[in-house]
Enquirer: 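Structure incoming, see below.
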Protein chains: 2
Amino acid sequence: MKLQLFLKMLADENRLRIINIIKDNALCVGEIQTILGTQQSNTSKHLDKLKSNQIINYYKEAQRVFYFLNKDLVKNYKFFEDLIYTDLSKSHYSNFDLDRLIRYKNSKIDCDYLKEVNFDFEQLKI
Amino acid sequence: MKLQLFLKMLADENRLRIINIIKDNALCVGEIQTILGTQQSNTSKHLDKLKSNQIINYYKEAQRVFYFLNKDLVKNYKFFEDLIYTDLSKSHYSNFDLDRLIRYKNSKIDCDYLKEVNFDFEQLKI
DNA sequence: ATAATATATGAATATATGAGCATATAGAAA
DNA sequence: TTTCTATATGCTCATATATTCATATATTAT
């Protein structure tokens, strides 16, 4: 992939937010939507772009699709590790999203029960 | 400046090429055009974008405008140094442009005499 | 089989972006 | 002053992009 294209893929708020929350763990599409509060088709399309450009990979479990970061990029692009682990943390949504990710993880709910329990961060006591 | 906007400014081939050749020295607009082989108004507009977002700064000498990289970005964005000094060098135009930059510098021609001598890399013996 | 659910995709729209051309501006030289 | 030169800017076109809505697909559950 060309550096310019890689940067273009990174130069979008929704995609940066996705990368931020899946950089250390795989999440299914529903979890990504729930944590970011973004729309289904919009989320899906950004995931598709990231996937098409091999920035993220995925595996399937039943109808669920779990996405995770392609760690080869960290090896191949020196700047990328600093970007996602240092600079990204200073960006607008980072704390908000990572906080939600942690609270979600602590809730012990997983992708299978996400819709069933009608998960809502506002009602989360944690 | 927002990280997303910074990345967007970097996610363009012409702007990456500009940054690459002015990262260690200031160049006037005419020199940038000559080395990259890009059009006047196009070059000027990309410079304007980079300038408006404080990615580059400038100083004037008579009608000439010299642009140079805003080094504060290297301090403020950890990823940026790796990007411009490591990853960028692997990109398509980098060798071509940096080679031209060196040949231009060796020619001892400067911005003042650039148009006067009708500078042409093809005729350069160096 | 049908119904329900998770995800993907097509179509429509709005907006952004880059490129090229022509022209404007500002400063220098004559 | 007029002329020349370096750079910037306005206009237009073509293309790219993100977003939303509606629908399609695939898998599971009944």
Enquirer: If only side-chain N and O atoms count, and only distance matters, is there a donor-acceptor pair under 3.5 Å linking B:E13 with B:Y93?
Expert: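 No donor-acceptor contact under 3.5 Å links the two side chains.
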Enquirer: Would you state whether a donor and an acceptor, one from the side chain of B:Q39 and one from the base of C:dA19, lie under 3.5 Å apart?
Expert: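 When only heavy-atom distances are counted, B:Q39 does not reach the base of C:dA19 through any donor-acceptor pair under 3.5 Å.
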Enquirer: A side-chain contact here means heavy atoms from C-beta on lying under 4.5 Å apart; do B:M9 and B:D12 qualify?
Expert: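 No, their side chains stay 4.5 Å or more apart.
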Enquirer: Are any of the side-chain heavy atoms of B:M1 and B:Q54 separated by less than 4.5 Å?
Expert: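 With C-beta onward as the side chain, the pair stays apart.
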Enquirer: Atom CG of A:D110 and atom P of C:dA6: how far apart are they, to the nearest Å?
Expert: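 Between P of C:dA6 and CG of A:D110: 12 Å.
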Enquirer: Check each residue of residues 5-32 of chain A for a non-hydrogen atom within less than 4.0 Å of any atom in DNA chain C, then write out the ones that pass by number, or none.
Expert: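 Only A:C28, A:V29, A:G30 qualify.
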Enquirer: In Å, rounded to the nearest 0.5 Å, how long is the span from CG of B:L83 to CG of A:D82?
Expert: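 Between B:L83 CG and A:D82 CG, I get 10.5 Å after rounding to 0.5 Å.
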Enquirer: Under the rule for salt bridge (Lys or Arg N to Asp or Glu O under 4.0 Å), what residues qualify as partners of B:D110, not counting sequence neighbours?
Expert: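 Not a single residue meets the salt bridge (Lys or Arg N to Asp or Glu O under 4.0 Å) criterion with B:D110.
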Enquirer: Suppose we screen for salt bridge (Lys or Arg N to Asp or Glu O under 4.0 Å). Which residues come up paired with B:K75, at least two apart in sequence or across chains?
Expert: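 By the salt bridge (Lys or Arg N to Asp or Glu O under 4.0 Å) rule, B:K75 matches B:D72.
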Enquirer: Heavy atom of residues 41-48 of chain A under 4.0 Å from DNA chain C: which residues?
Expert: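 Residues of residues 41-48 of chain A that come under 4.0 Å of DNA chain C are, in numerical order, A:S41, A:S44, A:K45, A:D48.
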Enquirer: CG of B:L50 versus P of D:dT7: gap in Å, rounded?
Expert: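 That distance rounds to 16 Å.
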Enquirer: Grab the stems for DNA chain C, please: at least three consecutive Watson-Crick or wobble pairs, both distances below 3.5 Å, written as range with range.
Expert: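 For DNA chain C the paired stretches long enough to count as stems (3 pairs minimum) are C:1-30 with D:1-30.
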Enquirer: According to the interplanar angle, ranging from 0 to 90°, do the rings of A:F79 and B:F79 count as parallel (below 30°), tilted (30 to 60°) or perpendicular (above 60°)?
Expert: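 Tilted.
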Enquirer: So A:F68 and A:Y58, ring pair (Phe, Tyr, Trp, His ring centres under 6.0 Å) or not? Walk me through it.
Expert: CA-CA 6 Å; A:F68 58 98; A:Y58 68 97; 8.4 Å; no
Enquirer: Mind checking whether B:L7 and B:K2 have side chains closer than 4.5 Å, heavy atoms only?
Expert: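 They are not in side-chain contact.
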Enquirer: Should the side chain of A:Q40 and the base of C:dA6 be counted as holding a donor-acceptor pair, with the cut-off at 3.5 Å?
Expert: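 In this structure, the two groups form no donor-acceptor pair.
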Enquirer: Provide, to the nearest angstrom, the distance between the CD1 atom belonging to A:I56 and the P atom belonging to C:dT7.
Expert: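 It works out to 13 Å between those atoms.
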Enquirer: Whole-Å distance between D:dT7 C1' and B:Q33 CD?
Expert: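 Distance, rounded to whole Å: 8 Å.
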Enquirer: Quick check: does any side chain N or O of A:R17 sit under 3.5 Å from a backbone N or O of A:S94, one acting as donor and the other as acceptor?
Expert: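 A pair under 3.5 Å: no.
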Enquirer: Show the distances under 3.5 angstrom between N or O atoms of the protein and N or O atoms of nucleotides 27-30 of chain D.
Expert:
none

Enquirer: When the distance from CZ of B:R64 to C1' of C:dA28 is rounded to whole Å, what number comes out?
Expert: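 Going from CZ in B:R64 over to C1' in C:dA28 covers 9 Å.
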Enquirer: Check each of B:N76, B:N57, B:L50 against B:N70 using the side-chain contact (heavy atoms from CB on, under 4.5 Å) test, and report the only one that passes.
Expert: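 Answer after filtering B:N76, B:N57, B:L50: B:N57.
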Enquirer: Examine C:dA8: is either OP1 or OP2 under 4.0 Å from a nitrogen or oxygen in the side chain of A:Y67? Give yes or no.
Expert: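 The answer is yes; a side-chain N or O of A:Y67 sits under 4.0 Å from OP1 or OP2.
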Enquirer: For the pair A:D87 and B:K78, find out whether any cationic side-chain nitrogen is under 4.0 Å from an anionic carboxylate oxygen.
Expert: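 Answer for the salt bridge query: no.
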Enquirer: Begin with the C-alpha distance, continue with both residues' side-chain angles, and end with the deciding distance and a verdict on ring pair (Phe, Tyr, Trp, His ring centres under 6.0 Å) for A:Y67 and A:Y59.
Expert: CA-CA 7 Å; A:Y67 287 99; A:Y59 58 88; 9.2 Å; no
